[in-house]
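Hydrogens, waters and symmetry mates play no part in the numbers below; they use all other heavy atoms, side chains included.
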Amino acid sequence: MSSIWPVVSANKLTHDSLLPRVGSTPQSKRSTVVPGQRIDVHTHGVSDEAMMAIAGRGFRPTGGYRISVRWTPEAALAYMDRQQIAAQLVSMPISFAGADDDPDFGTRLARLINEGHAELIARHPGRFGAFATLPADGPDEALAEVAYALDELRLDGVVLTSNVLGRYFGDPSLEPVLAELARREVPVFVHPEDCPHIDVLGFGRPSSIVEFPFDTARTITNALYTGVFQRHPGLRLILAHCGGALPALGWRIGEHTVMGRGPKDADIDPAHVAEVLRGLYYETALAGSRNSLLPTLEVTTADHILFGTDWPAAPEPTVVRNIDNLIGFDGFTEDQRRGVERDNALRLFPRFA
């Protein structure tokens, strides 16, 4: 059974077609940030053992997408040095529950991933942090893993997928977890997931083209209209890819609160929507161009934008082009750009200071 990770030797960073010649490793343009000081809040990596467990359950990215680099700590550190990244917060945004033939699989997998993250941080405490993966078996199992990952393993936050087996923020089954994360005021990385109807809406293409950005907007919109942020103002959400389609739809989502809501929707208004969107955090993986940054700056301020790369899901040449777009964006002052690349993240993750 094939894996989403290519089978390559441990010291090989990419497929041969992507390997640069000596001296031609892809690198982004220089910024005003001191070299090696960026903090990357969006990157993915797990141990080979965890990846084999995931592949063993038949997981495949939609549309035949394959990741071009086999993640290892050594490969990640080399990549970070090339791209002036001081620290990365790794995550594995998946929602697995148990099955009839293995009822404990989801819980066991989350524990395997999170303990692997803790081991990585112990070996490289200044270079790596991690968002904890939660099982999708139910709120009790998820809450138990929140406590273990944050209190025992001391991970830096939690990653939630935009939908958990088809259930979006605002679904009653997710309420206990959102309440606990809000109580703790812990950073929560919201990463997109295939929607329940991806077989129809994806057109057989990788979900990351448009469906991922739409699903982020879908879950935050449902959270707004079901009163999640009224009940849990302590939520500290970081939205992948600058929130996907959400910023561009921000005014429209707010205006529909007075045009007409669903019969069971919360009593919200455009001011509430604007306040929530302004308080969210947005990271720049695959979203460092004007196309994404301009709408984002319409709903929030520069101090709520964080640096992200999505490596190795995004190949390094793509990362470099995205960083070049970010550095070339004229909508930031020098201080604001420095904040995006490093200082804003330090307010959420001060141990990297």
Taking His304 for the side chain and Thr300 for the main chain, is one N or O donor matched with an acceptor at less than 3.5 Å?
no
Search all heavy atoms of Glu180 against all heavy atoms of Arg184 and return the closest pair with its distance.
OE2-NE, 2.8 Å
Among Thr309, Ile305, Asp310, which one satisfies side-chain contact (heavy atoms from CB on, under 4.5 Å) with Thr284?
Ile305
For Ser162 and Asp215, run side chain to side chain donor-acceptor pair (under 3.5 Å): C-alpha distance rounded to whole Å, both residues' side-chain angles, the deciding distance at 0.1 Å, then the answer.
CA-CA 6 Å; Ser162 55; Asp215 214 59; 2.6 Å; yes
Stepwise side-chain contact (heavy atoms from CB on, under 4.5 Å) check, Asp330 with Arg290
CA-CA 9 Å; Asp330 59 5; Arg290 297 174 63 84; 2.6 Å; yes
So, Asp171 versus Ser173: side-chain donor-acceptor pair below 3.5 Å or not?
yes
Using distance alone, with no hydrogens and no angle criterion, decide if Thr257 and Asp269 have a side-chain donor and acceptor under 3.5 Å apart.
no
Value rounded to 0.5 Å, distance of OG1 in Thr221 from CZ in Phe214
12.0 Å
Presence of salt bridge, Glu185 and Arg236, under 4.0 angstrom:
no
Chi angles and distances behind the side-chain contact (heavy atoms from CB on, under 4.5 Å) call for Phe189, Val158:
CA-CA 6 Å; Phe189 181 39; Val158 170; over 6 Å; no
Start with the C-alpha gap between Asn344 and Tyr281, add the side-chain angles, then the distance that decides, and say whether side chain to side chain donor-acceptor pair (under 3.5 Å) holds.
CA-CA 10 Å; Asn344 298 344; Tyr281 289 86; over 6 Å; no
What I want to find out is whether Asp137 reaches Arg108 closely enough, with some N-O distance under 4.0 Å, to be called a salt bridge.
no
Taking all non-hydrogen atoms of both residues, which atom of Ala179 and which atom of His232 are closest, and how far apart?
CB-CE1, 3.5 Å
Establish, yes or no, whether the cationic atom of Arg342 lies under 6.0 Å from the six-membered ring centre of Phe307 and within 45° of the ring axis.
no
Value rounded to 0.5 Å, distance of OG1 in Thr161 from OH in Tyr168
9.5 Å
Can you tell whether the side chains of Glu275 and Arg278 come within less than 4.0 Å, N to carboxylate O?
no
Does CD in Glu49 sit with more than 12 non-hydrogen atoms of other residues, nucleotides or ligands closer than 6.0 Å?
no
Can we say Arg338 and Glu334 salt-bridge, meaning some charged N sits less than 4.0 Å from an Asp/Glu carboxylate O?
no
Taking atom CZ of Arg261 as the centre, does the number of heavy atoms from other residues, nucleotides or ligands within less than 6.0 Å exceed 12?
yes
Quick one: pull up CG in Asp343 and CD in Gln336 and give me the separation to the nearest 0.5 Å.
12.0 Å
Rounded at 0.5 Å granularity, tell me how far CG in Leu134 sits from CG in Asn114.
7.5 Å
One pair to check against side chain to side chain donor-acceptor pair (under 3.5 Å): Glu115 and Tyr148. What are the steps and the verdict?
CA-CA 10 Å; Glu115 289 183 341; Tyr148 179 72; 2.6 Å; yes
Do NZ/NE/NH1/NH2 and the carboxylate oxygens of Arg205 and Glu211 come within less than 4.0 Å?
no
Taking Arg231 for the side chain and Thr226 for the main chain, is one N or O donor matched with an acceptor at less than 3.5 Å?
yes
Closest heavy-atom pair, Ala50 versus Leu112, reported as atoms and distance to 0.1 Å, is CA-CD2, 3.6 Å
Walk me through whether Leu224 and Val276 qualify under side-chain contact (heavy atoms from CB on, under 4.5 Å).
CA-CA 8 Å; Leu224 283 160; Val276 169; 3.7 Å; yes
Donor-acceptor pair, distance only, cut-off 3.5 Å: does the side chain of Arg127 make one with the backbone of Ala86?
yes
Non-hydrogen atoms of Gly288 and Leu293 that approach each other most closely:
O-CD1, 3.2 Å
Output the distance between atom CG (Leu89) and atom CZ (Phe131), rounded to the nearest 0.5 Å.
5.0 Å
Within a radius of less than 6.0 Å around CZ of Arg347, do more than 12 heavy atoms belonging to other residues, nucleotides or ligands occur?
yes
Minimum heavy-atom separation for Gly166 and Pro196, please, with both atom names.
CA-CG, 3.6 Å
Once the angle between the rings of His191 and His241 is folded into 0 to 90°, is it parallel (under 30°), tilted (30 to 60°) or perpendicular (over 60°)?
perpendicular
Passes side-chain contact (heavy atoms from CB on, under 4.5 Å), Leu246 versus Thr296? Steps please.
CA-CA 8 Å; Leu246 182 69; Thr296 303; over 6 Å; no
Under the side chain to side chain donor-acceptor pair (under 3.5 Å) criterion, do Gln84 and Glu341 qualify, and how do the steps go?
CA-CA 10 Å; Gln84 302 179 22; Glu341 294 191 82; over 6 Å; no
Nearest heavy atoms of Ala76 and Phe128, plus distance in Å
CB-CZ, 3.9 Å
Interatomic spacing from CG in Leu155 to CD1 in Ile121 - rounded to 0.5 Å:
5.0 Å
Counting heavy atoms not belonging to Asp100, are there more than 12 under 6.0 Å from its CG?
no
